Each structure stands twice: as C-alpha cells, then as structure tokens.
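Residue numbering restarts at 1 for every chain, and letters A, B, ... go by the order of the sequence lines. All values below were derived from every heavy atom in this structure, side-chain atoms included, with hydrogens, water molecules and symmetry-related copies excluded. Everything numeric in this text was worked out from a predicted model, so none of it was measured.
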Amino acid sequence: MRSRHYESPMRTLSRRGTPALRAFLAAICLGGAIILAMVSCSPEEPLSLIPPGHASWKRTTSQVLDYPVPGHEDNLRVIRMNDTGFAYTITADDGLVFPEGTILTKDVYMGRSPADGAQPVMVTAMVKAPSDSRARGGWVWVVKDTKTGRETVQTGDFCVRCHHDANEKHPYGQRNPDAEFRDYVFMVPER
Amino acid sequence: MTVLYTFFMNPIFPAGRRALSLTGRINLAVILTLFVGLGLVSTLFTTSLVNTRHTLVDSNLQREADVLYTSIESFMLPGEAPIAASFFDDVSNLGTGYTLALYRRDGTLAFSDDTTIGKVNELLGRQRFVPRGQPGGADGVPSVDTSGAFSLAVAVPPESIYVTENEGGRTYKRVYRPLINLPRCTVCHGGDHTIRGVLDIRTDISASVRAEALTIAGSGLGFIVMVSVIALILGRMMRVIVVLPVQEIGRVCSAVTGGNFSGRVDIRSSDEIGRLADTVNEMVHGLHERYELTKYVSGTTISSLASGQEPKRVERTLLFSDVRGFTAYTERHGAEAILSVLNQMLHMQSVIIHHQGGDVDKFVGDEVVSVFSGDDAPLRAVRAAMKIQAMVRQRAADYDNLAIGMGIATGSVVQGMVGSETRADFTVLGDAVNVASRLCSIAKPGQILVCETTGAHIPAETVTLDGPYRAKLKGKAEPQKVFIVRLQEGTS
C-alpha cells in the first residue's frame with residue numbers, strides 16, 4: 001500500500017513565510033538541487049518494462065474478461081503473455097511457476113463493450129524478476145498510462161495483495177479449488 | 001557574493017560615514033560565516049527532526065491501521081462480520097488517545113445500519129446475516145468530509161493519506177487507510193468496486209509537537225549562544241593574531257612618519273605576521289640609516305634623486321661664508337680642540353640657512369656653500385647672512401671671537417652631478433658661484449658683500465645696501481660692482 005500526505009489548507013497557510021524567507025529557502029533548495037544534479041551519475045531514463053510489441057503476443061485465455069473485478073471494475077480486460085511465459089511448469093509440489101523473464105500484460109479498456117478499434121486506457125503488466133528490488137512476490141508490477149506513455153512500478157501492496165488471492169481459492173476462472181500455488185495469476189494460461 | 005567580497009576587501013563608505021575597522025570587519029565576517037554555516041546545519045537539523053517526527057508518527061499510524069485492517073479482514077473473510085463490528089467497537093472505546101472510525105466508501109459510517117447487511121444478503125441470495133433493525137443508513141449522509149483527503153483515499157490506486165490538523169489549539173495527525181475489496185471479499189460484496197471502505201485513525205500529537213517546538217527553541221537559543229561564544233572567541237583570537245600585530249606595525253610606521261626611528265615591532269612569531277614585523281623592522285632600520293645620511297647630503301641632492309639627475313641651467317643665489325683667521329686659530333689651538341667651535345658655528349649657519357629656505361650645498365673646511373632658489377632667493381640669502389652675522393656677534397664668546405666674511409652672488413648656474421659613478425656631488429657650477437666665492441674671500445670679518453645682480457633684487461625698504469663699490473675680483477678683467485650690506489645692531 002503506497003501512502004502520501006494530504007496538505008490541509010490550514011497547514012498550508014501556516015507554512016507560508018515572508019518573501020525573504022521563502023527566497024532564502026528557495027535558494028537553499030536550488031543549491032541543493034544543483035549539487036544533487038551534479039553528483040548524480042547519469043540522468044534517469046524513462047521506465048520501459050512493457051515492450052512495444054506486446055499487443056501481438058498470444059492471449060492467455062479465450063474467455064471475455066468483462067465481468068467486474070476490484071481494481072478494474074467492469075472494464076474489459078485482454079490478457080497476453082510473451083513466449084517465455086508459456087514455458088511455465090505445473091508440478092504437484094510447486095504448483096504453477098512461470099520462468100524468469102515472463103511478462104504478462106493486461107490491456108484495460110473503458111467499459112465492458114468498447115467500440116471496435118478502441119485503444120486501451122491503461123496497460124498493466126507483471127514482469128517475472130525475482131531479483132529486482134522492486135519485485136513483490138517475484139513479480140514487478142507495472143502500470144502504464146496509455147495517454148502519457150508513462151510507466152509506473154507499483155511498489156505498494158495494491159496489485160500484489162489482490163493477486164495474492166490467486167494462490168488460494170478465488171472466484172475467478174478455474175477458482176483454484178485446491179488452493180494450489182498459482183504464482184499470483186488467477187487463470188492458468190491456455191497453451 | 002560580489003557585494004560581500006567588495007565590502008570585506010575594500011569597504012568604501014559614503015562621505016561622512018566612518019569606515020568599519022579591521023576588527024569590526026573580521027568580527028562581522030566571523031559572525032556572518034558562523035550564522036550562515038551553523039544556520040544551515042541548524043536548519044537541516046531542525047528539518048530532519050521535524051521530518052523524523054512526521055515519519056515516526058506516520059509509521060506508527062500506518063502500523064496500527066494495518067493491524068486493525070488485518071484484524072477486521074480476519075473476522076470478515078470467514079463471514080464473521082458481527083464479530084468484526086463488535087471488535088471495532090471495542091477498540092474504538094479503548095480510549096488510548098485515538099479516535100477510530102470505519103467509513104464505507106461513500107463516507108457513511110460502517111456497522112452503523114443494515115445497509116451492508118442487506119446488500120450482502122441480496123448478493124448471496126439468502127439471509128446470511130440478520131439485520132440489526134437499523135435500516136436507512138442515515139439517509140446516505142456522509143459522516144466525514146468526502147471532498148478532501150478522504151476522496152484521495154478512495155481513489156485508485158488506493159493510498160494511505162495523512163493529514164495534520166489543528167483544532168482547539170491542539171494538533172492531530174490523521175490517516176485515512178483504504179480497505180481493498182479483495183477477490184475473496186467479492187463473494188459477499190461483489191466485484192464492482194475496488195475500495196471497500198476507509199479506516200480513519202486520528203491521534204493527538206500535541207505533546208510531541210510541543211516537545212518538538214521546545215527542542216527547536218532550545219536548539220535555536222543554543223545556536224545563538226554557541227555562535228556568540230564562538231564569535232567572541234574567534235574575534236579575540238583574530239584580534240590577538242592579526243589586529244594587534246597590525247596595529248603595532250601601524251604604530252611603528254606612524255612614528256617613522258613623524259621622524260622617530262627608535263620604535264621596533266615587537267612580535268615574536270615565525271608566521272607571516274612575524275615575517276612582516278621583521279621586514280618592517282629592517283625597513284625602519286634602513287630608513288633610519290638613510291635619514292642619518294641625509295645630514296651629509298644637500299637637500300638639492302636629495303630632491304634631484306627624485307626629480308632626475310640630468311644637468312640643467314637654473315637661476316640661483318649663492319651664499320658663501322668663511323671663518324676669518326681660522327687657519328691661524330687652528331695652528332694656535334690644534335685641530336682637535338677647534339672642532340667643537342667649528343661645528344657649533346657650522347651648525348648655527350646651517351640652521352639659519354635652512355630656516356630661510358636655503359640649502360647647504362657643502363662644507364669645505366670652515367667654509368659653507370649654500371644655495372637659494374626662487375624669486376626672492378636674493379633677499380632670503382641676504383637675510384640669512386645678516387642673521388648669521390648677528391648670531392656670531394651675539395655668541396662671540398662661544399666662538400672664541402672668531403668672525404665670518406660672506407659673499408652673495410646671483411646668476412645663471414648649471415645644476416648637476418659632479419664626480420664619478422661611485423662618488424659624486426649634486427652641485428652648481430657657473431659664474432655666479434665664482435663671483436660669490438670671490439666676494440666671500442675679499443669680505444672683511446663681519447662683512448657681507450653682494451654682487452650687482454643680487455643688490456638689484458633687494459628692496460630698499462627691507463635691507464640697506466651701501467655702494468655700489470667697485471671691486472677687482474680674481475678671474476674678472478673688469479672691476480665688478482659690489483654692495484655691502486649694512487648690518488644693524490641687534491639684527492637677529
């Protein structure tokens with residue numbers, strides 16, 4: 001779960017100082033920013049975990065995913081996976097396990113029945129990278145805003161907390177009646 | 001920065017305003033440096049303190065919210081919602097300094113009516129939970145302001161939202177912790193929404209804020225005291241190390257300017273100040289030597305060193321004086337014995353000549369050669385001669401009744417360096433020099449002879465000249481017109 005602060009108007013008012021004080025603080029901040037910029041090794045490159053050609057990947061299920069689910073509510077979803085992911089294994093001991101490098105993408109459209117040719121408003125992705133410091137449950141959880149093209153890694157527990165239910169009995173797809181480990185994926189991909 | 005540098009390095013003040021002293025500037029620089037440097041550190045410290053307090057409070061609130069969330073979830077998932085409601089009521093009444101509330105996503109209080117029970121039973125298609133007889137749900141009126149932080153808490157993706165509030169002079173920290181509608185929850189609550197509700201925990205942090213304010217105030221006071229003490233110590237150190245030695249050097253230099261070469265900078269140090277003091281002492285010693293040397297060199301020579309040593313033709317008045325009968329006097333008393341009398345006479349003449357603006361060009365035995373320049377040079381030379389004669393008469397006993405003969409001539413002479421590269425005199429050459437010398441040699445004891453040119457420059461109302469007389473001078477084919485200065489008794 002991510003967190004952030006909400007500035008109430010009263011607090012904002014109390015933080016205002018004289019112009020000289022603000023200028024002084026601004027100068028200090030500017031100096032600090034310049035120093036930080038100077039000592040930084042290299043400019044941060046925009047995040048790009050979702051490959052541009054993911055729309056051509058094979059879908060994981062032929063089921064129309066338009067029923068309401070928390071997080072996406074009643075918006076149509078289309079789930080695809082790269083070829084690496086289809087090499088997943090299912091064993092009695094370990095359950096379902098996806099190989100490292102697996103990328104699952106979920107195109108989310110506006111409404112249950114978007115018009116033909118409509119573009120997704122959001123793309124979410126699970127990238128199997130257990131050694132990545134941002135990974136939770138072995139996956140890096142990414143949200144891409146298709147309007148801006150900006151990708152954001154979800155380090156809070158929102159995505160992983162919901163998908164954790166995939167490893168237990170759940171109400172979707174095969175419902176995992178035996179509560180086997182499903183590697184945070186609700187529906188076993190159709191090969 | 002440039003302004004500060006200019007101020008400290010070259011403080012120029014408007015006319016009428018006193019420039020800041022070196023001590024003042026050093027103290028100001030020390031205080032400013034300390035204030036800026038320690039001020040930045042204190043600001044960082046204070047900011048860090050406040051941020052740490054915020055982080056700790058937020059972290060505690062988040063942890064408590066997580067515990068409550070997990071507890072409620074643990075009751076709800078097995079279908080024990082009534083226990084969850086009872087548990088929440090119990091926790092809310094613990095009175096541990098918190099106020100707790102659980103809102104539905106529309107802002108109405110959870111567990112307050114049968115709204116949720118009705119929806120769950122409807123979704124399950126059976127009477128899973130028995131209504132508590134509180135229908136209606138307060139007409140759907142929210143129990144919390146849903147426009148501010150609450151609206152952020154129910155947005156997707158969900159986030160915990162922290163708010164600092166001031167109310168009745170007290171400070172509160174509040175967290176809105178959204179509860180996610182997990183897939184497991186959808187069995188009872190449906191999957192058409194992401195946020196089930198919002199947990200609201202508010203805690204009074206007035207005590208920690210007050211302690212923080214006291215700490216900051218104490219730190220600020222300590223900062224001011226520390227800066228003052230350090231500034232005082234550094235100021236005193238800089239005064240001892242820099243200012244006092246500089247003042248000592250300045251005192252010695254001022255004394256030298258006033259002609260006192262006896263002062264010495266007494267600084268025993270091997271640093272730059274010590275080396276400067278040694279250099280100043282050496283400089284003063286050298287200046288003293290040169291000053292003493294000027295007694296043996298004419299003023300014209302000294303001024304020529306500054307103005308250039310090229311020979312040039314100038315108008316000058318020459319005054320020659322010679323002690324009469326001095327050779328015989330020497331033979332009678334011996335050279336050692338007469339030196340004191342001679343020096344007294346020469347010193348007396350030098351003082352008078354200088355007082356009249358003349359310059360002693362040289363001493364040749366008992367003879368004094370002096371030079372006067374300027375429009376009134378003839379008059380000043382005559383006055384000097386008259387004063388010398390008067391003084392000789394007044395102090396005849398001191399001078400063993402020795403007398404002086406004097407000659408004065410005015411004319412064009414060549415002024416320049418005469419001698420070799422290693423030893424030279426800056427003197428005058430020319431006919432006027434010869435005439436003055438000749439007049440001196442023929443002057444009787446106590447007599448002052450002046451040439452025609454000199455006489456022409458003497459106003460009648462100032463000095464009475466007798467003559468003209470005609471005198472045969474050595475080296476001159478024709479007799480020369482000369483005047484005798486009439487001496488008045490008591491001339492001084």
Side-chain angles (χ1 to χ4, degrees), chain A residues 1-15 21 24-25 27-29 31-32 65-75 108 112 122 124 141 143 145 152-173 175-176 179 182 184 186-187, chain B residues 36 39-40 43-44 47 50-51 54-55 57-59 61-62 65-66 69-70 73 77 105 145 147-153 155-167 171-196 199:
Chain A
M1 179 80 61
R2 290 198 301 143
S3 64
R4 63 172 162 158
H5 286 268
Y6 172 75
E7 290 290 345
S8 69
M10 184 177 293
R11 182 170 176 79
T12 304
L13 278 172
S14 69
R15 277 192 173 180
L21 178 63
F24 176 68
L25 292 175
I28 291 175
C29 292
L65 304 174
D66 60 352
Y67 52 87
V69 292
H72 305 299
E73 298 171 358
D74 57 353
N75 296 316
V108 182
R112 299 183 69 168
M122 177 171 65
T124 62
W141 307 83
V143 174
D145 184 337
T152 309
V153 172
Q154 301 294 308
T155 54
D157 61 358
F158 174 52
C159 298
V160 71
R161 192 176 175 89
C162 286
H163 277 260
H164 182 269
D165 280 11
N167 303 323
E168 301 173 357
K169 292 180 183 177
H170 60 76
Y172 311 134
R175 296 175 181 269
N176 194 12
R182 286 284 179 264
Y184 298 87
F186 285 103
M187 285 175 283
Chain B
V36 171
L40 282 174
T43 303
L44 289 173
T47 306
V50 172
N51 287 340
H54 277 293
T55 305
V57 171
D58 292 353
S59 175
L61 281 176
Q62 179 71 42
D66 288 345
Y69 181 13
T70 306
E73 189 181 78
L77 286 174
R105 62 182 179 281
D145 178 12
S147 62
F150 187 89
S151 65
L152 298 175
V156 177
E159 299 177 39
S160 289
I161 305 297
Y162 299 91
V163 186
T164 303
E165 297 173 336
N166 293 303
E167 189 177 297
T171 305
Y172 298 92
K173 191 78 177 182
R174 187 170 215 155
V175 60
Y176 289 112
R177 204 311 186 175
L179 309 185
I180 302 172
N181 186 25
L182 298 173
R184 289 176 290 177
C185 305
T186 59
V187 177
C188 295
H189 297 290
D192 59 347
H193 56 277
T194 303
I195 307 300
R196 281 288 316 127
L199 190 60

**Q** Between His193(B), Arg174(B), Arg184(B), which shows the greatest number of heavy-atom pairs under 4.5 Å with chain A?
**A**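 So the answer, after comparing His193(B), Arg174(B), Arg184(B), is Arg184(B).
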**Q** Indicate the atoms forming the closest heavy-atom contact of Cys162(A) with Pro183(B), along with that distance.
**A**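 Shortest heavy-atom contact: O-CG, 3.6 Å.
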**Q** Which distance, rounded to the nearest 0.5 Å, do you find between the CG of Asp66(B) and the CG of Asp157(A)?
**A**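 Nearest 0.5 Å value for the CG-CG distance: 7.5 Å.
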**Q** With chain B, which of His163(A), Glu168(A), Lys169(A) has the greatest number of heavy-atom pairs at distances under 4.5 Å?
**A**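 Most heavy-atom pairs under 4.5 Å with chain B: Glu168(A).
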**Q** Select, from Arg196(B), Glu73(B), His189(B), the one with the greatest count of heavy-atom pairs under 4.5 Å involving chain A.
**A**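 Answer, by heavy-atom pair count under 4.5 Å with chain A: Glu73(B).
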**Q** State the OH-OG1 distance between Tyr172(A) and Thr186(B), to the nearest 0.5 angstrom.
**A**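 Answer for the OH-OG1 pair, Tyr172(A) versus Thr186(B), is 4.0 Å.
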**Q** Out of the candidates Asp192(B), Asn181(B), Thr194(B), only one should pair with Glu73(A) under the side-chain contact (heavy atoms from CB on, under 4.5 Å) rule; please name it.
**A**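 One option only clears the test, and that one is Thr194(B).
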